[in-house]
Amino acid sequence: MTTVRDATFDVLRRYGLTTVFGNPGSTEVTLLTGLPDDLRFVLALHEGSVVGMATGWAIGNEAPALAVLHTTAGLGNAVGAIATARVNRVPLVILVGQQDRRHLALEPFLTGHLSGLAGDYPVRVDQPVRAQDVPGAVARAFHEATTFRGPALVVVPMDDWEAPFSGETVAAPARMLRPAGVSDDDLAPLVQLLSAARSPAIVAGAGAGAGTGAGAGWDALVALAERLGCPVFQESFGGRAGFPQDHPQYAGVLPADRVRLREALAGHDVVLAVGAPVFRQYPYAPGPLVAAGTSIAVITDDPAEAHRSPADLAYLASPSAVCARLTALLPPSSPAADRAPAELPAAGQAPASDIPEPPAAERAPAPNIPELPPAGRPLRAAHVLRELARRLPADTVLVEETPSSRPDLHRLVPARTPLGFLSAAMGGLGFAVPAAVGLRMALPDRPVVAVVGDGSALYGVHALWSATHYRVGALFVVLSNGRYAIMDRLADKQGGKAPWPPFTEVDMGGLARSLGCPARRVDSYDELTAALDEVLPSLAAREEPLLLDVTVTVDPDFQP
């Protein structure tokens, strides 16, 4: 007899969902016991790590990943990671276990009120009316996750898996195509706007390459930027780099408050946001986003992003397709196209020549970086990032979660590939460590480095066990200052005393080793360079994770 479980496994195979990230619970035991040999179960020790690892896997494969969560407790533990996946626009299919359908009305032990537990962050939450509707719900979840680039949940009572499935209709297409073409007539208003621009600028976002074959997305945007001869800013707080940050036209990360945003974009009469909203902010400040007389256009395939952007012109379409066609349509004689890149205004940002192009051991240090610390004095995060940047292979996948050091990382470690910078666009902690594990599992031939603060690492430390058990050779560089430095500075700016203490007792290396992950303590410049010189040249082939617990002091000049 064919069961719902059998039919669902066929759906998973059809869509390539054959790696199952999970932390098992009793409501999932009927699904998971005796998995077929072609389905691989990957254990994480906490549901936040389950979804975080699946998120990294999906980013690396540019396709949905599969996670299994345990009723209320599992889904509740994973909500933050689900929110991060949604804001980072990462497609996931998430199966959530539920109590036996036959006595749900009595609300037995482990019954979950699950439909709204993750809020609006899932792109879809489905609770199939019949057990036989489960395979179709899983197939639809795959399509919904792919179309809307976010997590789609299917809640499945534990007895559904053993129900018969014969002659049933799967309510989802076996194959879905999403044409990305855009007509020249539709692009005419944007061609006219850019052709007439005296000084255009581009704001590149995470969506500029994500989900389209990121390399092709980058190539299309680079060609457009070079045709326009204009500066390209990175959106603030983006989940990934939208443009090569070693390109001569790269102008830095856009400020995240309105006052500095207006200053950065001053003098640009047209600003084109590609794969980015208009515009991500952090602290509130009054006033308009841009100065009077500046027109804004946006190209995005995210409906919500397009609908909330205060733009003069918005395109809901594939950014790579639009950029490629725009480049062909823009006349070479347009004022923008005639301007040489060397004459670009930097709009208040550091010129691109000030950004180092590692690896190059002989290259002079970037400006405004403190000299090497005297013997016996602690390292700063900038020292660590500078030495890391000098040694990183060009194809390194770098995952960031160090809020107090992010400005230095942006300045010192330019992303040279579409995965050269990844971060949690949601802002919550716990993304980097599990995401790095999932990324390395998806991209076993690429070096993967996570740069995290010790406070951030504590939110996802469970994933180090999975990294060790599944021989995931990622490097975790933990910048340990024993405190939430960014929160301390925010409290200082607020003019009051922070009520939270430091946590200098925490031993990140000891925690890693207790989870089976090798770890080294780094207290000096010589120890740092020796460890990096040993590990980075062979990182792509490494089969064992390593955590470097690097002692750093808080930069006295840091301002959040």
Side-chain angles (χ1 to χ4, degrees), residues 177-235 238 241-245 247-251 254 265 267-279 290 293-303 305-307 309-345 347 352 418:
L177 301 179
R178 297 172 176 85
V182 59
S183 74
D184 291 358
D185 288 343
D186 288 338
L187 288 177
L190 186 54
V191 171
Q192 182 179 1
L193 181 67
L194 291 171
S195 297
R198 298 184 308 278
S199 178
I202 291 174
V203 176
T212 59
W218 266 32
D219 291 346
L221 185 54
V222 167
L224 176 61
E226 291 176 349
R227 170 60 65 95
L228 291 171
C230 68
V232 181
F233 297 91
Q234 170 71 33
E235 69 165 325
F243 188 81
Q245 295 174 354
H247 192 281
Q249 290 169 233
Y250 178 64
L254 206 61
L265 297 178
H268 297 293
D269 55 340
V270 175
V271 178
L272 175 63
V274 180
V278 180
F279 292 107
V290 295
T294 297
S295 297
I296 299 174
V298 60
I299 305 166
T300 177
D301 60 358
D302 181 349
E305 194 169 85
H307 295 163
S309 291
D312 300 284
L313 182 60
Y315 283 84
L316 185 57
S318 163
S320 62
V322 172
C323 289
R325 192 61 194 146
L326 269 179
T327 302
L329 292 174
L330 281 169
S333 59
S334 67
D338 286 342
R339 184 169 52 254
E343 301 171 1
L344 294 176

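On a predicted model such as this, the values are computed, not experimentally measured, just so you know.
Between H268 and F233, the ring planes lie perpendicular to each other; the angle is over 60°, past the 30° to 60° tilted range.
D269 places no side-chain N or O within 3.5 Å of a backbone atom of A197 that could act as its donor or acceptor partner. For T294 (side chain) and V290 (main-chain N/O), no donor-acceptor pair under 3.5 Å exists by modelled atom type. Listed for the Q249 side chain is a donor-acceptor partner under 3.5 Å among the backbone atoms of C230. Not one N or O on the side chain of S320 forms a donor-acceptor pair closer than 3.5 Å with the backbone of G217.
For D186, the side-chain hydrogen bond (donor to acceptor under 3.5 Å, both in side chains) partners are S183, not counting sequence neighbours. For A306, the side-chain contact (heavy atoms from CB on, under 4.5 Å) partners at least two apart in sequence or on another chain are T300, L316. Take A311 and apply the side-chain contact (heavy atoms from CB on, under 4.5 Å) test, not counting sequence neighbours, and it matches I296, V298. With sequence neighbours left out, the salt bridge (charged side-chain N to carboxylate O under 4.0 Å, His left out) criterion links D185 to no other residue. Under the side-chain contact (heavy atoms from CB on, under 4.5 Å) criterion, A317 pairs with V322, sequence neighbours left out. The side-chain contact (heavy atoms from CB on, under 4.5 Å) search around A241 returns W218, Q234, Q245, A415, F421, not counting sequence neighbours.
Contact annotation: the side chain of L221 never approaches that of P319 to less than 4.5 Å [non-hydrogen atoms, C-beta and beyond]. For the pair V203 and L272, the minimum side-chain heavy-atom distance is 4.5 Å or more. Counting only heavy atoms from C-beta outward, the side chains of P310 and F279 never approach each other to under 4.5 Å.
Contact record, P277 with E235: CD-OE1, 3.4 Å, taken as the closest heavy-atom pair.
Rounding to the nearest 0.5 Å gives a distance of 7.5 Å between CG of L228 and OG1 of T327.
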Using side-chain contact (heavy atoms from CB on, under 4.5 Å), reason through L254 and L265 one step at a time and then give a plain yes or no. CA-CA 9 Å; L254 206 61; L265 297 178; 4.0 Å; yes
